[in-house]
Number of protein chains: 2
Amino acid sequence: MTGVTPPRPLRADAARNRDALLAAAADEFAERGLEASVADIARRAGVGKGTVFRHFATKDDLLAAIVIDRMDALDAVGQDLLTADDAATALHEFLTAAAHQRQQRDLSFLQSAGDVSPEVTRTRTRLYATIDHLVARARTQKAIRPDITGADVILLMCAPNYVVSYVPEAPPDLWQRYLAIIFDGLRPAAAHPLPHPPPSLDLSDTAT
Amino acid sequence: MTGVTPPRPLRADAARNRDALLAAAADEFAERGLEASVADIARRAGVGKGTVFRHFATKDDLLAAIVIDRMDALDAVGQDLLTADDAATALHEFLTAAAHQRQQRDLSFLQSAGDVSPEVTRTRTRLYATIDHLVARARTQKAIRPDITGADVILLMCAPNYVVSYVPEAPPDLWQRYLAIIFDGLRPAAAHPLPHPPPSLDLSDTAT
DNA sequence: AGCAAAGTTGACCGCCCGGTCCGGTTATTG
DNA sequence: CAATAACCGGACCGGGCGGTCAACTTTGCT
């Protein structure tokens with residue numbers, strides 16, 4: 001159904017350049033955010049600027065390719081953890097993996113890089129569904145308080161990295177501290193009623 | 001010591017324009033972030049672009065003026081709450097005020113708008129010291145866990161707004177939900193040891 | 001080896017940005 | 001009501017951006 005590039009195998013050098021471009025772009029976006037210029041990305045990859053646009057029609061498309069890659073990787077981790085016995089540690093491990101991934105290359109913007117392409121939307125929806133399942137399991141096992149939804153966790157997921165980004169020369173794993181604090185806020189022991197209902201983030205599965 | 005514009009009373013229309021400019025800039029920055037263009041700000045204020053640069057030498061200076069204003073307002077709230085009996089609710093009220101202010105005009109960037117001017121740095125240092133006192137009092141009263149520092153709260157302070165910013169059409173007080181969760185994470189009941197020492201944010205007072 | 005298709009390149013285009021500048025306008029003072 | 005200094009505005013400048021294109025190089029098939 002997804003008629004993706006049916007018959008074209010892609011030339012050897014072209015494939016090399018494409019990979020170099022993706023890596024360079026990820027680095028550049030991580031260091032300088034969305035303002036990273038296409039020219040710099042091209043230079044970093046050791047190719048001409050024109051080559052960028054041959055592989056990715058637009059700068060947003062390049063960004064989308066990276067975003068999809070990361071989200072898929074994270075989703076795989078989540079899927080894997082869905083089979084774990086202890087849902088609490090599974091959820092915690094997932095959040096750790098997410099924060100760790102984000103720490104290496106800050107892609108916080110990817111979340112807001114909203115409806116760049118339907119592919120991004122689909123991938124995000126899939127990831128969100130996985131997280132929702134993880135959270136549901138943890139809630140069932142009473143490992144987290146009953147008033148926490150999947151949307152809550154999705155939203156809070158990026159907070160540790162965000163928070164740490166304001167520390168000038170932060171130690172690389174400072175985010176663990178804030179993940180721990182926030183996670184403690186999710187535990188039943190915290191137990192104070194929440195003043196506002198959770199948002200709905202459209203977690204409808206277009207699943208598997 | 002602060003030799004601010006000693007003898008010039010400022011003309012009537014000029015003062016009006018300056019105020020309009022500050023208001024327009026705050027709105028524009030809130031809506032579009034740092035990328036808001038000077039031309040748009042000028043248009044919104046109903047003045048020419050040249051007028052902007054007459055009042056503020058650079059775009060960063062304009063931003064700094066707004067930032068200082070907000071930080072001072074927040075500091076005043078904090079100072080006031082320092083005399084409250086219940087340090088726990090005082091801290092909570094402070095965080096509520098901070099989030100509320102940020103919700104109206106998202107100035108999260110102001111934090112990273114680092115060393116634009118020494119005036120900004122001084123104001124921020126003062127605000128941070130106030131927060132540190134608030135936290136210290138709450139800690140003494142055992143209203144929050146003993147391993148939480150002022151820096152922790154400063155960093156976590158903006159998280160609720162950040163988190164909510166990813167919800168497309170968020171209800172205007174959704175931030176309360178996430179402030180509550182994070183605040184619960186600060187309570188002694190949460191009680192899980194933190195995996196990383198707190199950062200130092202340079203809270204040295206150049207005080208009053 | 002030879003050749004067509006695929007890929008690469010950097011000069012180039014139009015656009016928008018922050019910041020400058022000077023001719024014209026307005027508020028203030030006596 | 002002058003007269004003057006303060007102030008205003010928008011055309012203008014240099015620079016960087018995303019994106020295009022036609023001339024050139026490389027790849028892979030025969």
Side-chain angles (χ1 to χ4, degrees), chain A residues 4-29 31-67 109 113-117, chain B residues 4-29 31-67 109-110 112-117:
Chain A
V4 279
T5 46
R8 209 62 342 138
L10 200 61
R11 225 168 74 176
D13 56 344
R16 238 186 305 120
N17 281 341
R18 205 191 123 97
D19 290 347
L21 229 21
L22 280 171
D27 286 344
E28 203 73 19
F29 280 134
E31 287 177 13
R32 307 192 12 204
L34 286 168
E35 302 140 27
S37 79
V38 173
D40 284 346
I41 292 172
R43 196 173 309 124
R44 188 162 188 152
V47 302
K49 197 167 66 152
T51 305
V52 179
F53 290 101
R54 161 158 284 267
H55 290 286
F56 307 95
T58 193
K59 187 186 175 181
D60 282 341
D61 285 358
L62 173 54
L63 183 62
I66 298 174
V67 163
F109 47 81
D115 316 346
V116 184
S117 83
Chain B
V4 277
T5 46
R8 211 59 343 139
L10 200 61
R11 226 168 73 175
D13 53 346
R16 237 185 307 121
N17 280 341
R18 205 191 123 96
D19 290 348
L21 230 20
L22 280 171
D27 287 344
E28 204 73 17
F29 280 135
E31 287 177 13
R32 307 195 8 206
L34 285 168
E35 301 141 27
S37 79
V38 173
D40 285 345
I41 293 172
R43 196 173 310 124
R44 188 161 187 152
V47 302
K49 199 167 64 152
T51 304
V52 179
F53 291 102
R54 161 160 287 268
H55 289 288
F56 307 95
T58 193
K59 187 186 177 182
D60 282 341
D61 285 357
L62 173 55
L63 183 63
I66 298 173
V67 163
F109 47 81
L110 62 70
S112 56
D115 316 345
V116 184
S117 84

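Proteins come first, then strands; the chains are lettered A, B, ... in the order of their sequence lines, and each starts at number 1. Note that the structure is a prediction, hence the values are computed from the model and not measured.
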Separation of C:dT8 atom P from A:Leu10 atom CG, nearest Å, is 8 Å
When every non-hydrogen atom of A:Arg32 is compared with those of A:Ser37, the smallest separation belongs to NH2-N, 4.0 Å
I need the minimum non-hydrogen distance between A:Ala25 and A:Ile66, along with the two atoms involved.
CB-CD1, 3.6 Å
Give a yes/no on whether any side-chain N or O of B:Thr58 is located under 4.0 angstrom from OP1 or OP2 of C:dG18.
no
Taking CZ from B:Arg16 and C1' from C:dA27, how many angstroms apart are they, rounded to a whole number?
10 Å
Nearest to side-chain heavy atoms of B:Asp13, which nucleotide of C:dG7, D:dC8, C:dG19
D:dC8
Determine whether a donor-acceptor pair (one donor, one acceptor, N or O, separation below 3.5 Å) exists between the side chain of A:Lys59 and the base of D:dG19.
no
Heavy atoms, side chains only, cut-off 4.5 Å: are B:Leu22 and B:Phe56 in contact?
yes
Would you tell me if any nitrogen or oxygen in the side chain of B:Asn17 comes within less than 4.0 Å of OP1 or OP2 on D:dC8?
yes
I need the CZ-C1' distance between A:Arg43 and D:dC17, as an integer number of Å.
13 Å
Have a look at A:Ala36 and say if it touches a base, only the backbone sugar-phosphate, or nothing, with a 4.0 Å heavy-atom cut-off.
sugar-phosphate
Between B:Lys59 and B:Ala36 the two heavy atoms that sit nearest each other are NZ-O, 3.0 Å
How many Å lie between CG on B:Asp60 and P on C:dG18, as a whole number?
10 Å
Identify whether any heavy atom of A:Thr51 sits under 4.0 Å from a base atom; if not, whether one sits that close to sugar-phosphate; answer base, sugar-phosphate or nothing.
base
Roughly how many Å is it from CZ in A:Arg11 to P in D:dT26, rounded to a whole number?
10 Å
Here's a test of your reading of the structure: between A:Arg18 and B:Gly50, which maps to the more 5' nucleotide of DNA chain C?
A:Arg18
Any A:Arg54 side-chain N or O less than 4.0 Å from OP1/OP2 of C:dG7
yes
Measure from CG on B:Leu63 to P on C:dG19 and round the result to the nearest Å.
12 Å
Just how far, in rounded Å, is P of C:dG10 from CZ of A:Phe53?
15 Å
Among C:dG18, D:dT27, D:dC17, which nucleotide sits nearest the side chain of A:Ser37?
D:dC17
With sugar-phosphate meaning primed atoms plus P, OP1 and OP2, does B:Val47 contact a base, only sugar-phosphate, or nothing at under 4.0 Å between heavy atoms?
sugar-phosphate
Closer to the 5' end of DNA chain C via nearest nucleotide, is it A:Ala15 or B:Glu35?
A:Ala15
Are A:Asp13 and A:Arg16 within salt-bridge range, i.e. N to O under 4.0 Å?
no
Taking only side-chain N and O atoms of B:His55, does any of them lie within less than 4.0 angstrom of OP1 or OP2 on D:dC7?
no
Let me know the distance between NZ of A:Lys49 and P of C:dA11, rounded to the nearest Å.
11 Å
